[in-house]
Structure formats: structure tokens, C-alpha cells
S.K.: 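Would you mind keeping the following structure in view while I ask a few things?
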Amino acid sequence: MADWRSEEFYEARRAELEDRVGPHRFKHSLGVSETAASLARIYGADETAARVAGLLHDWDKGYDDPGILARADELGMELTDELVAMPRVLHGLTAAEALGREFPELPPEVLAAIERHTLGDVDMSDSDMIVYIADALEPGRKGKTVEKLRKQVGKSNLRELFLDVYAYWVLLIMERRHPMYSRTTEIWNSYMPEQEVFLSEANPDPIPWGRP
Ligand SMILES: [Fe+2]
Ligand SMILES: [Fe+2]
């Protein structure tokens, strides 16, 4: 098995990616890879894991809507009706599944960051957050909010930066009139310290959306 940390592994996947996605997406992926590595350096996370996950996060982005649904089916993935109706978000899930099978040497940390880069999740690890942030802030992304967020790198802690980027994406989804993933509120609330306010002597049980 090839060492996933080696330069050979990176270069081989990079060459394959170029054949899988268009030139724009390829450039974006290299930008995410570099940005993720730099965030990992700044925030003390595994730089190689971030660099590799960043490179591979859009591995399946070359499929169109029917193509990605067929891909999920081929991989034997069971999708909820909601996800079937949102094929644009599936590429992270199929990529993690397919890459895990094709390259079993890839650690769960890398595969989870790829899987979670579209929808996010509760309990995101540092690597998960780094790839999620890098996807939004790589050099090819333009806009006032993006520039503002970039300035926060190294100033905000990783969790705050992640929440800023998550909030930015949620607003974009609303502005573009795209459907909202039903777990978005649950994911957001899981990072809110205010949920502890809801705990009182009169009501000692955690609120329903709290972390277990
Ligand atoms: Fe993506
Ligand atoms: Fe991306």
C-alpha cells in the first residue's frame, strides 16, 4: 500500500483529479489543498492530512446530478429522500466512500473531512473544520465576505472561524433560494454554548437538540 503521506501519493492523485474534473474545479482543489495546509500549520493540526483532504474533497464533483445519484447507487449507499432531492451535496459523501475503498491506506480523519465538507456536521474535528473553511476561503473565491473572513485567519480560533464560514454558507443558500438541509439547525445549535442556559433545576434534562 502506498504511503498516503508521501509526495508520490499526492502527485498521483493530483494527476488523476485533473482527468476527473474540469480545469476550474482542478484549480479550486489545488487552492483548497494549499489553504487547508496553511490553516493546519496556523492552528496546529495535521498539515499533510489537511493538504490531502483538500486536494481530494471535490473528487466526485465532475458528475452531473443523474451521474452522482447513479454513483451513490453503485457504491451501495443508502440515501434519504431528502438527499436524493439534493444531488449537489452528494459529492462529498460519495467521494469519501469511493476513496476509502480505492485507497484503504487513507485514514478516517482524511475521509471524514472529505465527507463533511458540503453539509458540515455536529462534532467537527479540527481537520473537518479546516477543509470546510479552506473550501470557502481558497484564493479563487472572491467577495467582500470572503475577504473579511480571510482576515480572521489566525485571529479567530478555529471553531469561531468555522462558525463564521458556516453562517456565510447558510446565508448564501437562502439568498440563492436553494433548499436548506434539514439538519442545519441541529448542527448550528450543537456549537452554541447558550444551550446550557436551557438547563435549570426545574428542567434538568438537556434540551432535545443538545449533544448527548
Ligand atoms: Fe465540494
Ligand atoms: Fe470545493
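Heavy-atom basis, side chains included; hydrogens, waters and symmetry copies ignored. Both counts, for ligands and for their atoms, begin at 1 and track the order of listing. For clarity, every value in this text was computed on a predicted model and none was experimentally measured.
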S.K.: Less than 4.5 Å apart, side chain to side chain, heavy atoms only: is that true for Ile42 and Ser38?
M.R.: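 In short, these two side chains touch, coming nearer than 4.5 Å.
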
S.K.: In terms of side-chain geometry, is the basic nitrogen of Glu11 or Arg14 positioned less than 4.0 Å from the acidic oxygen of its partner?
M.R.: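 So Glu11 pairs with Arg14 through a salt bridge.
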
S.K.: When you measure from the centre of the six-membered ring of Phe9, is the NZ or CZ of Arg5 closer than 6.0 Å and no more than 45° off the axis?
M.R.: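 Geometry flag: not set, cation outside 6.0 Å or 45°.
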
S.K.: Closer than 2.8 Å to the Fe ion (ligand 1): how many protein N, O or S atoms are there?
M.R.: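 Number of qualifying protein atoms: 3.
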
S.K.: Using a strict cut-off of less than 4.0 Å between a Lys/Arg side-chain nitrogen and an Asp/Glu carboxylate oxygen, indicate whether Arg141 and Asp135 qualify as a salt bridge.
M.R.: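 Yes, Arg141 and Asp135 are salt-bridged.
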
S.K.: Answer with yes or no after comparing the ring centroid distance for Tyr191 and Tyr166 against a 6.0 Å cut-off, counting only values under it.
M.R.: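 Centroid separation for Tyr191 and Tyr166: 6.0 Å or greater.
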
S.K.: Can a salt bridge be assigned to the pair Glu7 and Arg51 using a cut-off of 4.0 Å between side-chain N and carboxylate O?
M.R.: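 Between Arg51 and Glu7 there is a salt bridge, with a charged N closer than 4.0 Å to a carboxylate O.
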
